[in-house]
Amino acid sequence: MGKSWSGTFPPSSMLLEWYVGLNMAIVESNLPLEKKTDKSWWSRGFAEPENSILGSGKLTVSVGTFAIGHKRLQDPVFVSATLRQPGVQNWLAAIHPVEQLLDAVLQIVHPGLWDVNHSATQQLVQSSPFPIRTWPTAYTGMDLIVNRVTEPHLDTGGAATFYDHLLSLGMNHQAKLQLDDIEAELAYSPGTSVFLSGQILTHSVPIWSREKGWPWLTTPRMMS
């Protein structure tokens with residue numbers, strides 16, 4: 001079993017401070033957001049809100065991922081090249097306190113998954129071909145998605161028994177998370193945290209309403 005949450009739950013004022021810090025860390029770290037140019041749905045749907053402070057794009061970081069088309073147990077595992085960039089390492093260090101709180105929630109929601117994740121990430125960080133200053137989460141990978149409509153899809157990595165952990169960031173938007181298989185639409189406003197099995201439930205984020213200049217961001221955590 002995973003460890004239980006052993007500290008006093010942070011007061012609302014501290015949670016607000018941490019949430020603002022999450023947003024500012026993204027802005028101040030000058031992260032290398034990318035947009036693919038292939039024909040996959042991942043390359044579509046990026047919005048360019050007027051006067052946005054971040055624009056749009058996607059960043060993937062992982063301490064252990066497979067090459068495309070090579071996901072057998074005997075295939076080699078790679079560390080994402082994005083982890084070599086100083087801005088990315090600064091961002092991971094800045095969000096570490098909040099990620100520890102989110103990991104504590106995972107210990108309660110799915111203690112078995114936390115046990116597996118925590119053990120795996122420790123080994124992957126230690127075996128990395130280059131130093132990883134900070135890896136703040138028990139998950140092996142994180143995406144940062146900025147201002148993109150996400151089409152209905154199922155995830156291909158990990159296992160059906162794994163929960164992805166989604167966190168909606170930004171300010172003053174009214175994003176929705178749609179789960180078509182169960183005909184559900186969830187509020188995905190800033191600060192919303194969602195666990196779901198991305199291999200089982202088709203999920204999407206359609207166009208959202210927002211104040212001019214403020215982006216919608218999400219940071220999915222997943223096992224590769």
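Values in this document were obtained by computation on a predicted structure and should not be read as measured data. Residue numbers start at 1 and run along the sequence shown. Only heavy atoms go into these numbers, but all of them, side chains included; no hydrogens, no water, no symmetry mates.
Gln178 places none of its side-chain heavy atoms less than 4.5 Å from the side chain of Pro152. Looking at heavy atoms from C-beta onward, Phe162 lies out of side-chain contact with Asp155 at the 4.5 angstrom threshold. In this structure, the side chains of Trp135 and Leu124 stay at 4.5 Å or more apart for every pair of heavy atoms. Side-chain atoms of Val79 and Pro129, non-hydrogen and from C-beta on, do get closer than 4.5 Å to each other. Val109 has its side chain out of reach of Trp114: every pair of non-hydrogen atoms, C-beta onward, lies at least 4.5 Å apart.
In summary, of the residues considered (Val146, Asp143, Val88), a side chain to side chain contact (heavy atoms under 4.5 Å, CB included) with Leu59 occurs for Val88 alone. For the pairing with Tyr139, the side chain to side chain contact (heavy atoms under 4.5 Å, CB included) check across Leu113, Thr121, Leu102 returns one residue only, Leu113.
For the pair Ser62 (side chain) and Ser80 (backbone), a donor-acceptor distance under 3.5 Å is absent. Distance alone, capped at 3.5 Å, places no donor-acceptor pair between the Thr202 side chain and the Asp181 backbone. The closest donor-acceptor contact from the side chain of Thr192 to the backbone of Ser189 lies under 3.5 Å. Remark: the backbone N or O of Tyr188 is paired with a side-chain donor or acceptor of Ser168 at under 3.5 angstrom. Although no hydrogens or angles enter the test, the distance criterion places a donor-acceptor pair under 3.5 Å between the side chain of Gln100 and the main chain of Pro136. Looking only at distances, no side-chain donor or acceptor of Arg148 sits under 3.5 Å from a matching main-chain atom of Lys58.
Rounding to the nearest 0.5 Å places CD1 of Ile132 at 9.5 Å from CZ of Arg84. We find the OG-NZ distance between Ser204 and Lys176 to be 13.0 Å, quoted to the nearest 0.5 Å. Here the NE2-OG1 distance, from His118 to Thr137, works out to 11.0 Å after rounding to the nearest 0.5 Å.
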Stepwise, does the side-chain contact (heavy atoms from CB on, under 4.5 Å) test hold for Leu167 with His165?
-> CA-CA 7 Å; Leu167 177 64; His165 190 182; 5.6 Å; no
Check your understanding: What do the steps show when you test Leu179 against His203 for side-chain contact (heavy atoms from CB on, under 4.5 Å), and what is the final call?
Key -> CA-CA 5 Å; Leu179 306 176; His203 50 287; 3.7 Å; yes
Checklist entry - For Asp103 and Asn117, what are the C-alpha separation, side-chain angles and deciding distance, and is it a side-chain contact (heavy atoms from CB on, under 4.5 Å)? => result CA-CA 10 Å; Asp103 272 6; Asn117 285 9; over 6 Å; no
Passes side-chain contact (heavy atoms from CB on, under 4.5 Å), Ile95 versus Met142? Steps please. CA-CA 12 Å; Ile95 67 176; Met142 293 177 62; 4.0 Å; yes
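Aromatic ring orientation, Tyr163 versus His110: perpendicular (interplanar angle above 60°, classes split at 30° and 60°).
Closest non-hydrogen pair, Leu92 versus Leu83, comes out as CD1-CD2, 3.5 Å. Annotation for Asn90 and Arg133: closest pair OD1-NH2, 3.0 Å, computed over non-hydrogen atoms. Closest approach of Ala175 and Val205 over heavy atoms only: CB-CG1, 4.4 Å.
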